*Asks:* 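Structure provided below as structure tokens; questions to follow.
Given the structure is predicted, the values throughout are model-derived calculations rather than measurements. As a basis for the values below, the full set of heavy atoms in this structure was taken, side chains included, without hydrogen atoms, waters or symmetry mates.
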There are 4 protein chains.
Amino acid sequence: MARITAATREKVRKQLLETAAEHFAERGLAGAQVDGIAVAAGFAKGTVYNYFASKEALFAEVITEGCRAAVQRYAASRHEGSVRECLRALAAADVAVMSEQESFMKVVVREAMSFDPRTYPLIVEHLGPYLEQVQQILTRGVAAGDVRDDRPVSQLTLAFVGVLALLYVQHWGSGGAWPALDEVPDLAVTLFLDGAAARGRPRSMGKKTP
Amino acid sequence: MARITAATREKVRKQLLETAAEHFAERGLAGAQVDGIAVAAGFAKGTVYNYFASKEALFAEVITEGCRAAVQRYAASRHEGSVRECLRALAAADVAVMSEQESFMKVVVREAMSFDPRTYPLIVEHLGPYLEQVQQILTRGVAAGDVRDDRPVSQLTLAFVGVLALLYVQHWGSGGAWPALDEVPDLAVTLFLDGAAARGRPRSMGKKTP
Amino acid sequence: MARITAATREKVRKQLLETAAEHFAERGLAGAQVDGIAVAAGFAKGTVYNYFASKEALFAEVITEGCRAAVQRYAASRHEGSVRECLRALAAADVAVMSEQESFMKVVVREAMSFDPRTYPLIVEHLGPYLEQVQQILTRGVAAGDVRDDRPVSQLTLAFVGVLALLYVQHWGSGGAWPALDEVPDLAVTLFLDGAAARGRPRSMGKKTP
Amino acid sequence: MARITAATREKVRKQLLETAAEHFAERGLAGAQVDGIAVAAGFAKGTVYNYFASKEALFAEVITEGCRAAVQRYAASRHEGSVRECLRALAAADVAVMSEQESFMKVVVREAMSFDPRTYPLIVEHLGPYLEQVQQILTRGVAAGDVRDDRPVSQLTLAFVGVLALLYVQHWGSGGAWPALDEVPDLAVTLFLDGAAARGRPRSMGKKTP
DNA sequence: CATGAATGAGAATTCATTCAT
DNA sequence: AATGAATGAATTCTCATTCAT
């Protein structure tokens, strides 16, 4: 079975990565099994090792690959309009990536919480470009007076990304019940920008006045 | 012979649980090793099995134990005053628990993201009382007109808990740089209730008007 | 099965080493199997790893252990009398070691011919003390006029050790037929000192004269 | 299609054998890898199987091939003159073979020490003609009174061949330092015929008498 | 013929669990 | 109760061999 085209080889690689992502998302690095991934992908164990040096190398490539597509999407999302519009567009791009590569995102989100020194740097590295875009948007928002200026933009950036991740987690945790993926962009923006306090009221620190 | 007192037994048990929490927090259920936990706790492998039926049972007890203290704290936090005050008090109680049992919380947060059918139910079960308290506070807030009523309270509840977890994750991920633990209660409440939009302005959907 | 005495532990270790030596002697490092060694020694696979870090570590210890006993024997052999007597005594000591730990010696001899950079240095290191003794004897022999002085002593040393190894190899290769182990000391000394030329005759380069 | 000439086929075959010899010499049968051999020879793994039925068959052919050239050389070496001259000529022929096919010889010598029932017979078979020639020479020597007659000729034969092998091993083991290949024929003959005792002296068993 | 992807039997190694001491 | 040696099922990884291209 030699002499396959580069395209075929790439297809097998994708297939393995895809399946690996599902397994890592479900069970983590330590919990997933190479054999299980291989069989689920329709190959024999050995084939995995023809494409990836080790289980850990495969894991690293899942992270890398999962981030690559995401970053591309983000770069393509529109940068114009109000802060609200821009954030919504970015969130929408993010959700679009999610729909296509849910497993990859799950792995990323899951590992982002493990702080494992072997995987955390990978994630930070690949998340960088995304964070930068958010930060640019928010910086413009502060300048325009649309975003509160009593917090460093870097912190607001982390908050927005975090809110997004949070909604995904709740989506997964509820078995998709709430929030649905298409609600996520609006929810993220509202939650982030407006908060939960009642609209049109002063955000009072104390009792309601009569 | 060699009958140890109940107090001694309890001390050993605590020690094992504490160490186990650290290891599970660091590496997850599958990644942690019984031997590693035992040795780090200052005992031999076999001793773990004198106190816990299996690695998974130990894990379950870590979760249970980690939640028990938390729930007690929550119950003790004050229920009076404005929504803002109540949420802040609850968050403060939560942070106090965190300071005392960081590892247990890490395990809970980490596993909450894994949705493993063996551990997820445990977490949901133990988180229940906490969620209920948040929900009561928010329900009162809606009634009082302090909390927006265009979203189900259950969703807002999840959002608040999520924001709190989010801040912890960022605390851990930044190596404690930001946010510091004592900032967390205020941050959580502000982020949740007020959002990031500039204060005193209409939360307009469109362009700024001249 | 804990709390065994140090003596028991040492006994198990010896048993494993002994069996490992047999397997390595028979099949080499690459050809031997940990499982085979363990079972032949009467233990389960895992037990080997309780005593040795890896197959290669086990191999290295076989070499080390095999040389240790040999060196002790050599040190105890007598140093007095003629060169011939001394060499014979040393060879006899060597043969005695052989009888007791044939497998260890086989491994050493076998690996000495493989020049593997991972094992060769081990052998050279452990053979060192032996070579030194031979060299001392031969140096005295040269001084006494009993050993030819037209060759560096270091070369003669290697030659003697080599002749001994050679006889072992032929012993093994012939299935013990020739030479028998108890012939080896005399054979080695005669072959080394006297050579195969007829005694009492000139070592003529040409035809016999009438 | 793609029918290659017999000459090309033979060239590829030689190339594979040569490379295989190097690998087997370095790592033994079990330690060498088909893929490593193929790639080192400039071919793909599969090609090896177009020329040899299996790794073991390849090994057998290396032995066979290594011996074939040697035997041819021996047959061509001169049979006349004194025992000393004849042995020297034979040793010189052997060294000539060594220079040309060092790896093949290494494999033969290395495997000769392993007594593996799968390879040992091969070696004995191919060494046979060589041993026979040595034996003829020594038999003539005994008859002529040049070789000691107190040992069976068969044993002396093994001793001579062994001494030669021994010198090779020391040549390889010293990284070529000593002995150099061109010293080997003389060394082998001297060591074998004359031994290490001082010349012109009685090979006394005891102390020198005044 | 040459290739090298796919295969899967097999070997090394890990580790949760048991249990004699 | 504490221990840690023994165990062997489970897992990772290797590599000889096959065979479609």
Side-chain angles (χ1 to χ4, degrees), chain A residues 1-5 8-9 12-13 30-39 42-56 58, chain B residues 1-5 8-9 12 30-39 42-58, chain C residues 1-5 8-9 12-13 30-39 42-56 58, chain D residues 1-5 8-9 12 30-39 42-58:
Chain A
M1 302 191 180
R3 288 281 174 71
I4 64 175
T5 63
T8 303
R9 191 175 166 86
V12 172
R13 200 187 117 91
Q33 297 167 215
V34 173
D35 193 59
I37 292 168
V39 168
F43 296 93
K45 202 176 1 179
T47 298
V48 173
Y49 290 92
N50 286 339
Y51 287 81
F52 307 95
S54 66
K55 185 167 116 163
E56 301 212 348
L58 171 56
Chain B
M1 202 117 306
R3 188 78 60 75
I4 63 172
T5 65
T8 302
R9 187 173 171 84
V12 171
Q33 296 167 218
V34 172
D35 190 57
I37 292 168
V39 168
F43 297 93
K45 210 174 355 182
T47 299
V48 172
Y49 289 90
N50 288 334
Y51 289 81
F52 306 95
S54 68
K55 181 166 121 165
E56 304 211 345
L58 171 57
Chain C
M1 301 192 181
R3 288 280 174 73
I4 63 176
T5 64
T8 304
R9 191 175 166 85
V12 172
R13 200 186 116 92
Q33 296 168 214
V34 172
D35 193 59
I37 293 168
V39 168
F43 295 94
K45 205 174 359 180
T47 297
V48 173
Y49 289 92
N50 286 338
Y51 288 81
F52 307 96
S54 66
K55 184 166 114 165
E56 301 211 348
L58 171 57
Chain D
M1 201 121 305
R3 188 77 62 73
I4 63 173
T5 66
T8 302
R9 187 172 171 85
V12 171
Q33 295 168 218
V34 173
D35 190 57
I37 292 168
V39 168
F43 297 93
K45 211 175 353 185
T47 299
V48 171
Y49 289 89
N50 288 334
Y51 288 81
F52 307 95
S54 68
K55 181 166 122 165
E56 304 211 346
L58 171 57

*Asks:* C/Tyr51 near the nucleic acid: base, sugar-phosphate alone, or nothing, with a heavy-atom cut-off under 4.0 Å?
*Replies:* sugar-phosphate
*Asks:* Please report the shortest heavy-atom distance between B/Lys45 and B/Val34, naming the atom on each side.
*Replies:*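 Minimum heavy-atom contact is CG-CG1, 4.1 Å.
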*Asks:* Whole angstroms only, please: what is the CZ-P distance between A/Arg9 and E/dG4?
*Replies:* 10 Å
*Asks:* Rounded to the Å, how far apart are C/Ile37 CD1 and E/dA12 C1'?
*Replies:* 12 Å
*Asks:* So what does B/Ala32 hit on the nucleic acid, given a heavy-atom distance under 4.0 Å: a base, only sugar-phosphate, or nothing?
*Replies:* sugar-phosphate
*Asks:* Please convert DNA chain E into dot-bracket. A pair counts if it is Watson-Crick or G-U wobble with both distances under 3.5 Å; crossing pairs go in [ ] and bases paired with another strand get |.
*Replies:* .||||||||||||||||||||
*Asks:* Using whole Å, what does the distance between atom C1' of nucleotide F/dT17 and atom OH of D/Tyr49 come to?
*Replies:* 5 Å
*Asks:* Mind checking C/Ala53 for me? I need base, sugar-phosphate or nothing, with any heavy atom below 4.0 Å counting as a touch.
*Replies:*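 Touches nothing.
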*Asks:* If I take atom CZ in residue B/Phe52 and atom P in nucleotide F/dA2, what distance separates them, rounded to the nearest angstrom?
*Replies:* 12 Å
*Asks:* Can you tell me how far C1' of F/dA10 sits from CG of A/Asp35, to the nearest Å?
*Replies:* 11 Å
*Asks:* Tell me whether the side-chain N/O atoms of D/Asn50 come closer than 4.0 Å to OP1 or OP2 in E/dA2.
*Replies:* yes
*Asks:* Tell me: CZ of C/Arg13 to C1' of F/dA5, nearest whole Å?
*Replies:* 16 Å
*Asks:* Within the 4.5 Å heavy-atom criterion, are B/Leu58 and B/Ile37 side-chain neighbours or not?
*Replies:* yes
*Asks:* Let me know, please, whether C/Val48 or D/Lys55 comes out on the 5' side of the other along DNA chain F by nearest nucleotide.
*Replies:* C/Val48
*Asks:* Of all heavy-atom pairs between D/Ala53 and D/Ala57, which one has the smallest distance, and what is that distance?
*Replies:* N-CB, 4.1 Å
*Asks:* C/Phe43 CZ to F/dA5 C1': how many Å, rounded?
*Replies:* 10 Å
*Asks:* If you assign each of B/Gly42 and A/Ser54 to its closest nucleotide in DNA chain F, which residue comes earlier from the 5' end?
*Replies:* B/Gly42
*Asks:* How long is the straight-line distance from CZ of C/Arg13 back to OG1 of C/Thr47, given to the nearest 0.5 Å?
*Replies:* 14.5 Å
*Asks:* Can you figure out which of F/dA6, F/dA1, F/dT11 approaches the side chain of B/Lys45 most closely?
*Replies:*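 Of all the options, the side chain of B/Lys45 is nearest to F/dA6.
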*Asks:* Kindly say if C/Thr47 contacts the phosphate of F/dA5, meaning a side-chain N or O under 4.0 Å from OP1 or OP2.
*Replies:* no
*Asks:* Tell me which of C/Gly46 and C/Val34 sits closer to the 5' end of DNA chain E, going by the nucleotide each one is nearest to.
*Replies:* C/Val34
